[in-house]
Amino acid sequence: MPIISGYRRTKVAPHMLANATGRWAETMFRALSRRVAVRWQFVSFREANKGEWRGVVDLIAIRKNTSKPISKVLKRGDLFDLILVQIKGGSAKAPTPEDKRRLIIVSEHYRATSVV
């Protein structure tokens with residue numbers, strides 16, 4: 001997809017375009033999520049140059065769980081709700097069955113509330 005730069009059209013390397021669309025997808029996810037889920041905080045895993053990092057989890061959404069805890073030792077607000085998010089931007093392929101399996105294993109390890 002050519003980008004117009006001044007009067008000339010220049011081509012963009014595929015990895016640079018994927019990086020830009022991945023960042024845009026993350027920005028849109030955060031914007032939409034904040035409208036619906038005000039109490040959630042987001043932690044992104046991107047490199048210093050804003051590129052994607054290794055691993056199956058791209059973003060973590062976390063909030064305080066203020067429901068009554070099961071344990072008598074814990075008080076309200078001591079626990080967290082955790083959601084693991086994998087973001088695909090632009091023309092990225094859908095997650096493979098192996099990616100889905102890895103994401104479920106990670107969510108079980110950290111006892112995440114949900115996976116997106």
Side-chain angles (χ1 to χ4, degrees):
M1 180 161 111
I3 296 177
I4 298 174
S5 173
Y7 293 106
R8 286 190 302 180
R9 293 180 138 207
T10 58
K11 293 224 177 204
V12 178
H15 69 280
M16 292 177 70
L17 187 60
N19 187 10
T21 59
R23 281 185 299 186
W24 179 247
E26 182 178 326
T27 302
M28 292 307 297
F29 175 81
R30 285 177 183 229
L32 293 173
S33 296
R34 287 181 193 250
R35 287 180 157 210
V36 176
V38 178
R39 294 178 34 219
W40 290 92
Q41 300 295 316
F42 299 96
V43 179
S44 175
F45 296 101
R46 290 202 168 266
E47 292 181 342
N49 64 357
K50 305 289 184 185
E52 287 189 16
W53 215 2
R54 297 184 72 129
V56 72
V57 177
D58 296 327
L59 190 90
I60 292 178
I62 188 169
R63 72 175 177 185
K64 284 213 174 224
N65 182 339
T66 57
S67 64
K68 187 175 179 182
I70 298 170
S71 172
K72 295 186 183 213
V73 177
L74 297 175
K75 294 184 178 180
R76 289 179 190 252
D78 286 347
L79 301 176
F80 295 99
D81 289 330
L82 184 71
I83 296 178
L84 305 178
V85 181
Q86 184 181 49
I87 297 176
K88 297 288 188 182
S91 60
K93 295 179 182 174
T96 64
E98 181 186 345
D99 289 342
K100 292 176 186 178
R101 185 174 55 82
R102 288 173 48 214
L103 200 53
I104 289 170
I105 291 170
V106 172
S107 72
E108 289 170 353
H109 179 78
Y110 291 108
R111 297 185 181 120
T113 306
S114 183
V115 174
V116 178

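Just so we're clear, the structure is a prediction, and the values are computed from it rather than from any experiment.
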Open item on the list: Using side-chain contact (heavy atoms from CB on, under 4.5 Å), reason through Asp58 and Val85 one step at a time and then give a plain yes or no.
Closed with: CA-CA 6 Å; Asp58 296 327; Val85 181; 5.9 Å; no
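Within a 6.0 Å radius of CD1 in Ile105, more than 12 heavy atoms belonging to other residues, nucleotides or ligands are found.
Judged as a side chain to side chain donor-acceptor pair (under 3.5 Å), the pairs with a partner in residues 101-115 (not counting sequence neighbours) are, in order, Asp99-Arg102. Within the structure, side chain to side chain donor-acceptor pair (under 3.5 Å) pairs that include any residue of residues 64-73 comprise Asn65-Ser67, Asn65-Asp81 (at least two apart or interchain).
Val116 and Ile104 sit in two unconnected hydrophobic clusters of ILVMFWY residues. Membership requires side-chain heavy atoms under 4.5 Å apart, directly or through other members. Ile83 and Leu79 are not part of a single hydrophobic cluster, where members link through side-chain heavy atoms under 4.5 Å apart. Under the 4.5 Å side-chain heavy-atom criterion for ILVMFWY residues, a single connected hydrophobic cluster contains both Phe80 and Val57.
With values rounded to the nearest 0.5 angstrom, Phe42 atom CZ is found 12.0 Å from Ile60 atom CD1.
No side-chain heavy atom of Val43 sits less than 4.5 Å from a side-chain heavy atom of Leu59.
Minimum interatomic distance between Lys100 and Pro95 (heavy atoms only, all atoms of both residues): CE-O, 3.7 Å.
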